[in-house]
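Just below is one structure, and these are the notes that go with it.
Positions are given from 1 along the sequence.
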Amino acid sequence: EVAAFKQGLLDACPQCGCEMGKRDGAEEAEEHLRGCKDQKKINAFQRRKAVEAGKKQAKAEREGKQEQLTNLKTWEFLGASNESLWILSLEQLRKQCAQYKLDDSGEKEALIARLVRHRNNLDASHLLTDQAGEGEGARKKQTASMPTRHSLPSNLETMSLPQLKAVAASHGIEVPAGASKQAVLSAIDKERFRDEPQLRLTMTAEHEAEEAIKVGKRKPAPRKGKKELEESDEEEEAPKKRAKTSGKKKEAEESGDDDDDDEFVPGE
């Protein structure tokens with residue numbers, strides 16, 4: 001703070017709180033600091049700073065607790081499933097690991113992967129011991145890690161890399177430690193459309209084409225010139241013109257037939 005005050009980045013003295021306002025250079029600030037010896041004033045300002053800092057910290061803690069509670073309630077509302085574990089905070093994931101007596105060290109995606117494996121193993125063991133009807137429910141729960149439109153967040157494309165890794169881990173998708181954001185998205189898409197390979201290949205090709213254009217590896221298709229556009233328009237208009245000409249010809253023929261029917265015959 002002292003260095004920032006000398007450089008003019010702070011208007012108030014960090015020791016006594018005296019407002020200096022605009023000043024030229026660091027000399028004026030250094031001169032004030034050398035004469036800043038009023039201990040009573042300094043102590044009063046430091047107490048005010050401590051109170052303000054305490055209020056900010058308390059507010060941040062309240063907001064953090066509220067966010068934690070919201071995350072937990074959202075996860076429980078979604079069925080407390082593996083696919084929704086990414087919603088929980090790092091602290092909440094550590095508590096979940098502690099409940100299962102698992103190692104609670106590591107980053108968020110590591111904790112999620114650990115919980116997913118353990119919970120799936122529990123489901124598998126219940127599948128072997130439960131009765132036939134109950135086992136079917138366990139089987140559905142165990143195989144529910146495949147990402148779907150409903151289990152994935154709607155803002156997947158705008159999420160940060162750590163958030164995407166957490167989403168992938170929640171669905172049992174392993175990604176390399178140094179994977180890029182696009183690599184994680186591709187891994188999620190690959191798993192999501194694993195039962196629809198043709199659709200997955202199409203989407204992958206589209207992603208690659210978009211990325212190639214972005215990085216300059218491939219140029220977009222050239223625009224048509226004026227002459228080419230005119231020729232294209234003529235080709236599109238040709239069927240319409242033929243249909244219009246055919247319609248007029250038909251109307252003329254019908255009109256001629258009507259005239260023959262109305263021809264005047266003498267003596268009638």
Side-chain angles (χ1 to χ4, degrees), residues 50 53-130 134-135 137-194 207:
K55 289 180 179 179
K56 288 182 179 179
Q57 184 177 356
K59 182 180 179 181
E61 288 177 356
R62 287 196 303 271
E63 292 176 349
K65 288 180 180 179
Q66 183 62 40
E67 184 179 359
Q68 298 255 10
L69 180 60
T70 302
N71 292 345
L72 182 60
K73 291 299 182 182
T74 303
W75 181 61
E76 291 174 348
F77 176 77
L78 294 173
S81 62
N82 288 344
E83 298 83 5
S84 305
L85 280 170
W86 63 270
I87 295 174
L88 300 179
S89 66
L90 183 62
E91 181 180 348
Q92 290 170 325
L93 290 169
R94 285 173 176 163
K95 288 181 180 179
Q96 289 293 321
C97 287
Q99 290 179 5
Y100 288 110
K101 297 181 180 180
L102 299 173
D103 179 16
D104 62 355
S105 62
E107 298 297 328
K108 188 172 181 177
E109 60 268 20
L111 297 179
I112 292 174
R114 203 172 295 146
L115 284 167
V116 169
R117 284 194 299 268
H118 182 74
R119 295 179 65 171
N120 282 345
N121 288 337
L122 289 178
D123 289 339
S125 63
H126 293 162
L127 178 62
L128 295 175
T129 56
D130 287 349
E134 296 174 350
R139 184 181 297 109
K140 288 181 180 178
K141 185 176 181 182
Q142 185 187 2
T143 57
S145 61
M146 180 178 177
T148 64
R149 180 171 60 86
H150 301 290
S151 68
L152 292 172
S154 58
N155 61 331
L156 197 66
E157 296 287 342
T158 61
M159 297 179 78
S160 65
L161 180 57
Q163 290 173 329
L164 286 173
K165 286 185 175 181
V167 172
S170 298
H171 292 83
I173 303 171
E174 296 184 5
V175 295
S180 65
K181 180 177 178 177
Q182 187 58 46
V184 179
L185 285 170
S186 298
I188 293 174
D189 280 345
K190 181 179 180 181
E191 189 65 19
R192 179 182 177 186
F193 299 108
R194 64 183 177 186
H207 280 310

Which value, rounded to the nearest 0.5 Å, describes the distance between Ser151 atom OG and His171 atom NE2? 3.0 Å

Run the numbers on Leu85 and Asn82 for side-chain contact (heavy atoms from CB on, under 4.5 Å), then give the verdict. CA-CA 5 Å; Leu85 280 170; Asn82 288 344; 4.0 Å; yes

So, for Val116 and Ala169, which heavy atoms are closest and what is the spacing to 0.1 Å? CG2-O, 3.6 Å

Hey, does Lys181 have a side-chain heavy atom less than 4.5 Å from the side chain of Val184? no

Please examine the side chains of Asp189 and Ser186, heavy atoms only from C-beta on, and report whether any two atoms are closer than 4.5 Å. no

Roughly how far, to the nearest 0.5 Å, is the NZ atom of Lys165 from the CD1 atom of Ile112? 12.5 Å

Output for pair (Leu185 CG, Gln182 CD), nearest 0.5 Å, gives 5.5 Å

Can you check whether Leu161 reaches Ser180 side chain to side chain, under 4.5 Å on heavy atoms? no

So for atom CD, which belongs to Gln68, do other residues, nucleotides or ligands contribute more than 12 heavy atoms lying within a distance under 6.0 Å? yes

Between the side chain of Ser84 and the main-chain N/O of Ala80, is any donor-acceptor distance below 3.5 Å? no

Any non-hydrogen side-chain atom of Gln92 less than 4.5 Å from a side-chain atom of Leu72? yes

The salt bridge (charged side-chain N to carboxylate O under 4.0 Å, His left out) partners of Glu91 (sequence neighbours excluded) come to Lys95

Nearest 0.5 Å, please: how far is CZ in Phe193 from OG1 in Thr148? 10.5 Å

What is the distance from atom CD of Glu174 to atom CD of Glu191, rounded to the nearest 0.5 Å? 10.5 Å

Which donor-acceptor pairs under 3.5 Å do the side chains of residues 99-111 make with protein atoms, sequence neighbours left out?
| unit_1 | atom_1 | unit_2 | atom_2 | d |
| --- | --- | --- | --- | --- |
| Asp103 | OD1 | Ser105 | N | 3.1 |
| Asp103 | OD1 | Ser105 | OG | 2.9 |
| Asp103 | OD2 | Ser105 | OG | 2.9 |
| Lys108 | NZ | Trp86 | O | 3.0 |
| Lys108 | NZ | Leu88 | O | 2.9 |

With the side chain counted from C-beta on, respond yes when Gln57 and Glu61 share a heavy-atom pair under 4.5 Å apart, and no when they do not. yes

Taking atom types as modelled, is there a side-chain donor on Glu83 or Ser81 under 3.5 Å from an acceptor on the other? yes

Starting at CG of Asn71, measure out to CD of Gln66 and round the result to the nearest 0.5 Å. 10.0 Å

Take atom CD of Glu76 as the centre, draw a 6.0 Å sphere, and report whether it contains more than 12 heavy atoms from other residues, nucleotides or ligands. yes

